[in-house]
Amino acid sequence: MSLRTNLIPKVKICGIRDIPTAELCVGEGADWIGLNFVSASPRNVTVSKAQEIVRYLRSQNDGPEIVLLFYKNSPEEIRTVRSTLDHDLVQWVWDDPMLRTISKEELLGSRQICSYRVQKEISDSDLRNVPGELLILDSYSKDAGGGTGESFRWELVSGVQRRFLLAGGLTPENVRTAVETVQPYGVDVASGVESAPGVKDPHKIIQFIRNAKTIV
């Protein structure tokens, strides 16, 4: 497991929609902030609001990296958002039908996080064609690219040595167990730190980050 184990797990909080929540994430040491541009998602953020959040994040010394999230967006939408917003990485979904025939590096850039939805046992060989410096292993949903609050059986990814962020159904209550059991490079959460769809709960964010980064 040594190839993917990290002493202190990284944390990505996805679906940030306002500056106070971004401030909280910065203060608690989140490593990535995800801005969601999926039109069907309750976490969707407007470009103008995203610009405000990005300006705040860039004003912070050693602040979290900014991730732009897309699923079923047109290539034109992706290009517009990417050209408008300062960012570090682009997150996309491996089986996104809008990206099947598109050059991923030309559209998404060289720094990518691909979200791979787990439906069966997988290993590194199953992921050999998935590009990007990081990978998200998430639960599968027919209608959503992520953020469903549903988990998958963690033993299905026990053979993956590549660095990945574990996602899918994580909460402040189970994230420590997830980290100890799966030993991922990091964890990714959206709905698990919300009081209602798209509404982040400050207490849950604090507890999630602290529990994820606590080494027992």
Side-chain angles (χ1 to χ4, degrees), residues 10-117 130-136 138 141 143-148 165 167 186 188-191 193-194 196-200 202 205 209:
K10 305 289 187 181
V11 174
K12 176 172 171 283
I13 307 292
C14 199
I16 301 303
R17 305 176 70 199
D18 58 73
I19 290 178
T21 305
E23 290 176 340
L24 179 63
C25 292
V26 170
E28 289 297 319
D31 300 282
W32 297 280
I33 294 292
L35 301 176
N36 186 323
F37 296 94
V38 182
S39 61
S41 172
R43 295 164 200 95
N44 176 268
V45 66
T46 64
V47 172
S48 60
K49 178 58 69 174
Q51 286 177 310
E52 296 177 10
I53 297 170
V54 167
R55 279 195 294 269
Y56 163 73
L57 292 173
R58 290 307 198 215
S59 72
Q60 305 302 299
N61 293 326
D62 300 319
E65 291 196 311
I66 298 167
V67 182
L68 309 181
L69 167 61
F70 300 101
Y71 179 61
K72 293 186 177 180
N73 297 84
S74 70
E76 291 74 21
E77 289 177 300
I78 295 173
R79 290 189 180 97
T80 297
V81 173
R82 285 196 62 220
S83 64
T84 302
L85 296 175
D86 187 12
H87 63 281
D88 298 291
L89 298 107
V90 174
Q91 180 180 332
W92 58 288
V93 179
W94 175 247
D95 54 357
D96 186 339
M98 297 294 289
L99 301 179
R100 283 177 182 161
T101 61
I102 300 293
S103 168
K104 306 298 188 299
E105 185 158 336
E106 181 275 328
L107 180 65
L108 306 174
S110 59
R111 296 197 67 199
Q112 305 172 20
I113 304 181
C114 179
S115 179
Y116 186 97
R117 282 105 61 83
V130 181
E133 63 185 82
L134 282 175
L135 177 72
I136 295 172
D138 199 354
S141 171
D143 300 316
T148 64
L165 308 184
D188 183 13
V189 67
S191 63
V193 290
E194 293 178 347
V199 181
K200 291 293 188 280
I205 290 176
I209 295 175

Rounded distance (nearest 0.5 Å) linking atom CG of Leu108 with atom CZ of Arg79: 9.5 Å
Is there a side-chain contact (heavy atoms from CB on, under 4.5 Å) between Arg82 and His87 once you walk through the steps? CA-CA 8 Å; Arg82 285 196 62 220; His87 63 281; 3.3 Å; yes
Minimum-distance pair of heavy atoms, taken over all atoms of Pro64 and Ala30: CB-O, 3.3 Å
Atom pair CG/CG of Asp188 and Leu135 - distance to nearest 0.5 Å: 11.0 Å
Could you tell me if the side chain of Leu99 sits less than 4.5 Å from the side chain of Ile78, heavy atoms only? yes
Ile66 backbone acceptor or donor facing Asp88 side chain under 3.5 Å: yes
Just do the side-chain contact (heavy atoms from CB on, under 4.5 Å) check on Lys200 and Arg43 with the steps written out, would you? CA-CA 9 Å; Lys200 291 293 188 280; Arg43 295 164 200 95; 4.0 Å; yes
At what distance, to the nearest 0.5 angstrom, does OG1 of Thr84 lie from CD of Gln51? 6.5 Å
Candidate list Val81, Leu69, Leu57, Val54, test side chain to side chain contact (heavy atoms under 4.5 Å, CB included), partner Leu35, passing option: Val54
Can you tell me how far the CD atom of Gln112 sits from the CG atom of Leu89, to the nearest 0.5 Å? 9.0 Å
Salt bridge or not for Lys72 and Glu77, using N-O below 4.0 Å? no
Show your reasoning for whether side-chain contact (heavy atoms from CB on, under 4.5 Å) applies to Tyr56 and Val26. CA-CA 10 Å; Tyr56 163 73; Val26 170; 3.9 Å; yes
Minimal heavy-atom distance between Ala167 and Ile136, with the atoms involved, is CB-CG2, 3.7 Å
Salt bridge (charged side-chain N to carboxylate O under 4.0 Å, His left out) filter on Asp86, not counting sequence neighbours, yields Arg58
Whether Glu52 and Arg55 form a salt bridge (side-chain N of Lys/Arg under 4.0 Å from carboxylate O of Asp/Glu) is what I want to check. no
Side chain of Asp31, backbone of Lys12: donor and acceptor closer than 3.5 Å? no
Nearest heavy-atom approach of Asn36 to Gly15 is CB-CA, 4.4 Å
What's the separation between atom CD in Glu23 and atom CD1 in Ile53, rounded to the nearest 0.5 Å? 10.5 Å
Steps toward side-chain contact (heavy atoms from CB on, under 4.5 Å) verdict (Ile13, Thr21): CA-CA 10 Å; Ile13 307 292; Thr21 305; 5.8 Å; no
Do you know which two heavy atoms are closest between Pro131 and Cys114, and how far apart they sit? O-CB, 4.0 Å
Give the ring-plane orientation class for Phe37 versus Phe70, where under 30° counts as parallel, over 60° as perpendicular and anything between as tilted. parallel
Do the non-hydrogen side-chain atoms of Val67 and Cys14 ever get within less than 4.5 Å of each other? no
Are the side chain of Asn73 and the backbone N or O of Tyr71 linked by a donor-acceptor pair below 3.5 Å? yes
Supply the atom-to-atom distance Ser115 OG to Trp94 CH2, rounded to the nearest 0.5 angstrom. 12.0 Å
Shortest non-hydrogen pair, Ile33 vs Cys25, comes out as CD1-CB, 3.4 Å
